[in-house]
Every structure is written in structure tokens, then in C-alpha cells.
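Note that these values count all heavy atoms, side chains included, but never hydrogens, waters or copies made by symmetry.
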Amino acid sequence: MRNSIHTVMKTVLLIGACGAASLCLGCGSTTVGKMELVQPYTDAPRAGHVYLMRGWIGVFSSGIDEMGEQLRQRDVTAQVFQHDQCEELARTMAERYKGQPDPEPICMIGHSFGSDDSLIIARELDKVGVPVELIITMDAVDQNTVPKNVKLCINYWMPGMLGSWGNFLRGMPLQQEPGGTGKLLNINLNEEGKELKEGFTNHVNIDKGPKLQKAIIDHVLDACPNRATWTTMHPMKHPRSAVSTGLPDDARVAGGANQSAPPRSDAPKVSARGD
């Protein structure tokens, strides 16, 4: 009975918080991500593919949409997906990346339940032997273990507004899965990450702060080198690109503007520190 009461209370508070977020912060898009855009190779000036995951029904996560657009403007292929697409996206990525020779870096960014989704998807990719270059989580809710195929996970989190009550409106530190050899950084925005915290940062708006967004974009740019650098580091015996995946033409320009532009060797190098 007590658990039922807590569930009802959490639902009411969540709906209220979503309403406030919609009025004060703007709604996240509820547009469904296109599975045909999932691909191991791209034609973008930067190598790599970024999958961004919104939180619960999308209304919390307008910052996810903003970062997706920023990445596309920086010549990175990036798509945004809904929380309820997690299972389908995991299955699609596993099918399309499995056995592909030298795929471009997989990066994932998630907010709230979208953070959970990123870890779940990585775990499915691990089952078929596909590595994940980078996962950036913001206030994961239920998933607290980083799969062993993730090379770098950066977890930005904050204690909840309601203390330790359940898993509601709060983040948490993550831990490595047994056997993992990647690097995990847990960054509490109230402590070691306080320079990235804006005013009244909380679970609802953690993805929207300009300083944290910039830090996240910089980490992704480090993981997604310009095409000339990638080609030098990963010589291919046969030319491969999005064309070779057999995807429709619109999938080849998945990252938006400039995706069909020739590789650029003068793309700026931004460090993970943001300097």
C-alpha cells in the first residue's frame, strides 16, 4: 500500500514538474527519431555518429535537441531519439553495427531516462562485440552500471531535490561493470563539477545549461576527429561510406547541413577541458 501511495505521489509530482518545465523552460521535441538513419559509416566532415536520447516523453529534454543541433553545426552526424525508442534503437544498432569492419566512433548522450537508455543500448552492443567510444549521461535514474565495451563514460549528476527519496528527480554516481577496462568519470555538479553548474540547476534543466552543454560538445568533438585525421588513423582497403550501407539518400545526410561536404582537414581541435 505504501509503495502504491509513493508511486501515485511521484506521478503527480512528475506531471507537475513537466508542466512547470514546459511553461518555464520550453518543451523538448516529441519528434520520433528515424531508424533508417542508424549507420556505422557517415559522409560528414567529422567521423563518428552521435545518438542523443531524450528523457521521459521528451518534455524534460529540450537541451538534448539543442546539443544535437550544435553538433550538426560542428560537422558531426547526430540524431535525437525518444526514450520509448530505446528497445528498437538498441536492436537496430546491434543489427547494423555487428560485424562491420572498423565502424566510426559511436557516441551517446542521454538525459534522465535517456541516460539509462544509453547504458542499455551499450549493453546490447556489447553482446554483439561492438565498442562504444563515448557515453555522456546526465542524471541517470535506474541504470547504475557502465557496460564493459564503453571506452569512456562521463556521468554528470546531482543529488535530488527530495534527498534520497526513491529515484525521483535526482542523479547518482555510476560504477564499472566487472571486467570493464574503460574510463569512468563521475562528476557531481554540486562538488567537483560546480563550475559547470548554472544558477538553479536541477534534474529538470540539467541538460539545458550552456556551460555543461559546451563541455559535452567538446568531449564529443574529441571523440569524433575530422575526416582526414580519421582516414589517416584508420586506412581502409576499400572505400566505405554511408553509400555502402544501402540506406536511402536521405539517410546519407542524416547529420543535417554540410553532411555531403568534402572532408575538411582544418576542423578545429577542441580539448576535453574546453580550453
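Checking side-chain atoms of Asp139 against main-chain N and O of Met158 turns up a donor-acceptor pair under 3.5 Å. Within the 3.5 Å criterion, the main-chain N or O of Lys208 finds no donor-acceptor partner in the side chain of Asn205. The backbone N or O of His219 sits nowhere less than 3.5 Å from a side-chain atom of Asp222 that would complete a donor-acceptor pair. Panel note: side chain His203, backbone Met138; no donor-acceptor pair is recorded below 3.5 Å. Side chain of Gln213 to main chain of Asp207: a donor-acceptor pair is present (N/O by atom type, distance under 3.5 Å, no hydrogens or angles). The backbone N or O of Gly110 sits nowhere less than 3.5 Å from a side-chain atom of Thr137 that would complete a donor-acceptor pair. Proximity of a side-chain donor or acceptor of Arg123 to a complementary backbone N or O of Thr145 within less than 3.5 Å is detected. Remark: the backbone N or O of Lys211 is paired with a side-chain donor or acceptor of Glu198 at under 3.5 angstrom.
When each of Leu119, Asp116, Ile64, Leu89 is paired with Met53, the side-chain contact (heavy atoms from CB on, under 4.5 Å) condition holds for Leu89 and for no other.
Met172 and Ile136 fall into different hydrophobic clusters, where Ile, Leu, Val, Met, Phe, Trp and Tyr side chains are chained together by heavy-atom contacts under 4.5 Å. Both Val128 and Val132 are part of a single hydrophobic cluster, where members link through side-chain heavy atoms under 4.5 Å apart. Note on Val38: it clusters hydrophobically with Val130, by side-chain heavy-atom contacts below 4.5 Å among ILVMFWY residues. Hydrophobic cluster membership is shared by Ile206 and Ile109, with clusters built from Ile, Leu, Val, Met, Phe, Trp and Tyr side chains linked at under 4.5 angstrom. Cluster annotation: Val146 and Leu125 are assigned to the same hydrophobic cluster (Ile/Leu/Val/Met/Phe/Trp/Tyr, side-chain heavy-atom contacts under 4.5 Å, transitive).
If you take CD on Glu195 and CG on Leu212, they are separated by 10.0 Å, rounding to the nearest 0.5 Å. Once rounded to the nearest 0.5 Å, the distance linking CH2 of Trp157 with CG of Asn144 reads 12.0 Å. Rounding to the nearest 0.5 Å places CG of Leu37 at 4.5 Å from CD of Gln79. To the nearest 0.5 angstrom, Asn149 atom CG is 11.5 Å from Lys127 atom NZ. Atoms CD and CD, on Gln39 and Gln100 in that order, are 11.0 Å from each other to the nearest 0.5 Å. Interatomic distance, CG of Asp117 versus OG of Ser112, reported as 9.5 Å (0.5 Å rounding).
In this view, Glu88 satisfies the salt bridge (Lys or Arg N to Asp or Glu O under 4.0 Å) rule with no residue, not counting sequence neighbours. Under the rule for a ring pair (Phe, Tyr, Trp, His ring centres under 6.0 Å), the partners of Tyr51 that lie at least two apart in sequence or sit in another chain are His49.
A 4.5 Å side-chain heavy-atom check between Phe113 and Cys86 finds every atom pair outside the cut-off. Annotation: side chain of Arg74 is not in contact with side chain of Val220 (no heavy-atom distance under 4.5 Å). Counting only heavy atoms from C-beta outward, the side chains of Met35 and Phe81 approach each other to under 4.5 Å.
Heavy atoms only, all atoms of each residue included: Cys224 and Gly48 are closest at SG-CA, 4.0 Å. Between Met67 and Ile217, the shortest heavy-atom distance links the atoms O-CD1, 3.8 Å. In this structure, Ala223 and Cys107 approach most closely via the heavy-atom pair CB-SG, 3.8 Å. Minimum interatomic distance between Ile135 and Ser118 (heavy atoms only, all atoms of both residues): CD1-O, 3.7 Å. Nearest heavy atom pair, residue Val141 against residue Arg170, reads O-NH1, 3.2 Å. Here the closest non-hydrogen pair linking Pro103 and Tyr41 is CA-CE2, 3.7 Å.
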With side-chain contact (heavy atoms from CB on, under 4.5 Å) as the test, would you mind laying out the steps for Glu69 and Val80 before giving the verdict? CA-CA 9 Å; Glu69 180 58 31; Val80 178; over 6 Å; no
Before you tell me yes or no, could you show the steps for Ile154 and Leu134 under side-chain contact (heavy atoms from CB on, under 4.5 Å), namely the whole-Å CA-CA distance, both residues' side-chain angles and the distance that decides it to 0.1 Å? CA-CA 8 Å; Ile154 305 173; Leu134 172 67; 4.3 Å; yes
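The pair Arg54-Asp65 counts as a salt bridge, with a side-chain nitrogen and a carboxylate oxygen less than 4.0 angstrom apart. Contact check on Arg227 versus Glu104 returns a salt bridge, with a Lys/Arg side-chain nitrogen under 4.0 Å from an Asp/Glu carboxylate oxygen.
For the 3.5 Å distance criterion, the side chains of Glu66 and Gln70 fail to qualify, holding no donor opposite an acceptor.
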Donor-acceptor pairs under 3.5 angstrom involving side-chain atoms of residues 178-190: please list them, not counting sequence neighbours.
residue	atom	partner	partner atom	Å
Asn186	OD1	Asn155	ND2	2.8
Asn186	OD1	Leu174	N	2.8
Asn186	ND2	Leu174	O	2.9
Asn188	OD1	Asn190	N	2.8
Asn190	OD1	Lys197	NZ	2.6

